[in-house]
Amino acid sequence: MAQLNTAFDASAHDTTARDYEDLPNGIYDLETVAGELKPTSTGGTMLALQYSVIAPENFAGRRIFANMNIENSSAKAQEIGQQELASLCRALELSTINDTDELLLKSFRAKVGMEKQGADPKYKPRNKIVRFYYPDEGDLPPLAVEAATPAANDNKPAPAAKVAAKPAAAAGSRPWGAK
């Protein structure tokens with residue numbers, strides 16, 4: 001148990017419930033605001049990161065979470081995690097790091113999308129960085145956010161399709177033709 005230095009008064013804070021939807025796909029300016037090494041369930045090490053949106057302004061402060069496998073019994077999982085960390089470092093113009101604090105509070109530009117639905121249906125897809133942009137390439141794209149897409153089913157009946165009339169099949173013939 002941890003003793004607080006002073007009494008915390010919860011009534012002095014805004015506790016309005018906030019139900020954020022996922023960020024729309026797009027290109028954002030972000031910064032890493034938290035990074036922590038954690039053990040994985042298989043005995044490896046992952047880097048748990050929190051990114052905060054800086055721009056566009058109307059999404060400022062929104063968070064994106066990421067876990068990168070730094071050490072893993074699966075060589076492929078470790079390779080993917082280390083490549084993602086290398087991409088973040090390059091976007092931050094860092095060639096080597098010794099501490100996760102070196103990643104914090106430095107802005108970078110990235111494309112944000114949605115991760116695919118995993119094998120476990122209890123976890124819904126969430127935002128993830130799908131591409132980091134590198135200042136050393138000199139072609140950072142402008143900020144851009146996709147417009148929200150309309151719902152797939154708006155409960156309107158589909159327009160009637162025009163179907164060409166087929167000649168009636170001869171008695172005893174197969175509808176799919178002769179074999």
Side-chain angles (χ1 to χ4, degrees), residues 2 13-14 16-152:
H13 299 275
D14 179 13
T16 305
R18 292 170 180 85
D19 187 20
Y20 290 116
E21 293 184 11
D22 293 314
L23 289 167
N25 293 347
I27 299 171
Y28 295 84
D29 281 340
L30 306 167
E31 67 182 355
T32 308
V33 293
E36 177 183 8
L37 289 173
K38 294 183 174 183
T40 65
S41 60
T42 59
T45 304
M46 76 173 165
L47 177 58
L49 296 171
Q50 286 185 39
Y51 304 112
S52 181
V53 174
I54 299 171
E57 182 64 31
N58 54 325
F59 296 105
R62 297 280 301 276
R63 300 289 172 107
I64 298 171
F65 301 88
N67 294 320
M68 299 176 185
N69 284 296
I70 306 304
E71 297 171 345
N72 196 288
S73 58
S74 163
K76 187 65 175 172
Q78 181 171 310
E79 177 185 1
I80 291 168
Q82 290 181 359
Q83 285 176 344
E84 191 173 5
L85 178 57
S87 294
L88 172 61
C89 288
R90 185 173 173 197
L92 294 171
E93 300 182 281
L94 300 170
S95 58
T96 59
I97 61 169
N98 294 308
D99 192 309
T100 58
D101 286 351
E102 295 173 60
L103 304 171
L104 302 182
L105 306 176
K106 295 177 179 138
S107 66
F108 63 95
R109 188 157 292 174
K111 183 175 185 179
V112 174
M114 294 296 291
E115 66 184 7
K116 294 177 183 171
Q117 177 69 48
D120 192 340
K122 72 179 178 181
Y123 298 111
K124 69 177 192 134
R126 62 183 183 165
N127 286 122
K128 73 177 263 178
I129 293 177
V130 296
R131 184 173 195 268
F132 292 91
Y133 294 102
Y134 310 123
D136 63 357
E137 289 182 345
D139 61 346
L140 293 178
L143 298 175
V145 177
E146 292 180 9
T149 55

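Computation of the quantities below employed the complete heavy-atom set of this structure, encompassing side-chain atoms and omitting hydrogens, waters and symmetry-equivalent molecules. Predicted model, so just to flag it, every value in this text is computed and none were measured.
The CZ atom of R62 sits 4.5 Å away from the CG atom of L23 when rounded to the nearest 0.5 Å. How far CG of L49 is from CG of L85: 7.5 Å, rounded to the nearest 0.5 Å. Annotation: the span from M68 atom CE to I80 atom CD1 amounts to 12.5 Å, rounded to 0.5 Å. The distance from atom CZ of R126 to atom CG of D22, rounded to the nearest 0.5 Å, is 10.0 Å. Taken to the nearest 0.5 Å, the CD atom of E36 stands 8.5 Å off from the OG1 atom of T100.
The shortest distance between side-chain heavy atoms of T96 and C89 does not fall below 4.5 Å. Annotation: side chain of M114 is in contact with side chain of N127 (closest heavy-atom distance under 4.5 Å). Within the 4.5 Å cutoff, the side chain of V33 has heavy atoms near those of the R63 side chain. Inter-residue side-chain proximity for T40 and N67 is flagged as unmet; no heavy-atom pair is nearer than 4.5 Å.
Taking a 6.0 Å sphere around NZ of K106, one finds it holds more than 12 heavy atoms contributed by other residues, nucleotides or ligands.
At least one donor-acceptor pair closer than 3.5 Å links the side chain of R109 to the backbone N or O of P141. A donor-acceptor contact shorter than 3.5 Å is absent between the side chain of E137 and the backbone of Y133. Side chain of Q78 to backbone of N72: a donor-acceptor contact under 3.5 angstrom is found. Using a distance-only test at 3.5 Å, with no hydrogens or angles considered, a donor-acceptor pair links the side chain of Q82 to the main chain of I70.
When each of I54, I129, V145 is checked for a side chain to side chain contact (heavy atoms under 4.5 Å, CB included) with Y28, only V145 meets the rule.
The two residues P56 and L143 have their closest heavy-atom pair at N-CD1, 4.2 Å. In terms of heavy atoms, P135 sits closest to A91 at CD-O, 3.6 Å. Residue E115 comes nearest to P125 through the heavy atom pair O-CB, 3.2 Å, listed as atom of the first residue, atom of the second, then distance. The shortest non-hydrogen separation linking G61 to S52 is CA-OG, 3.6 Å. For T32 against L103, the heavy-atom pair with the smallest separation is CB-O, 3.3 Å.
The ring pair (Phe, Tyr, Trp, His ring centres under 6.0 Å) pairs that include a residue from residues 67-109 are Y51-F108, F108-F132, where partners are two or more places apart or lie in different chains.
With sequence neighbours left out, the side chain to side chain donor-acceptor pair (under 3.5 Å) criterion links N25 to no other residue.
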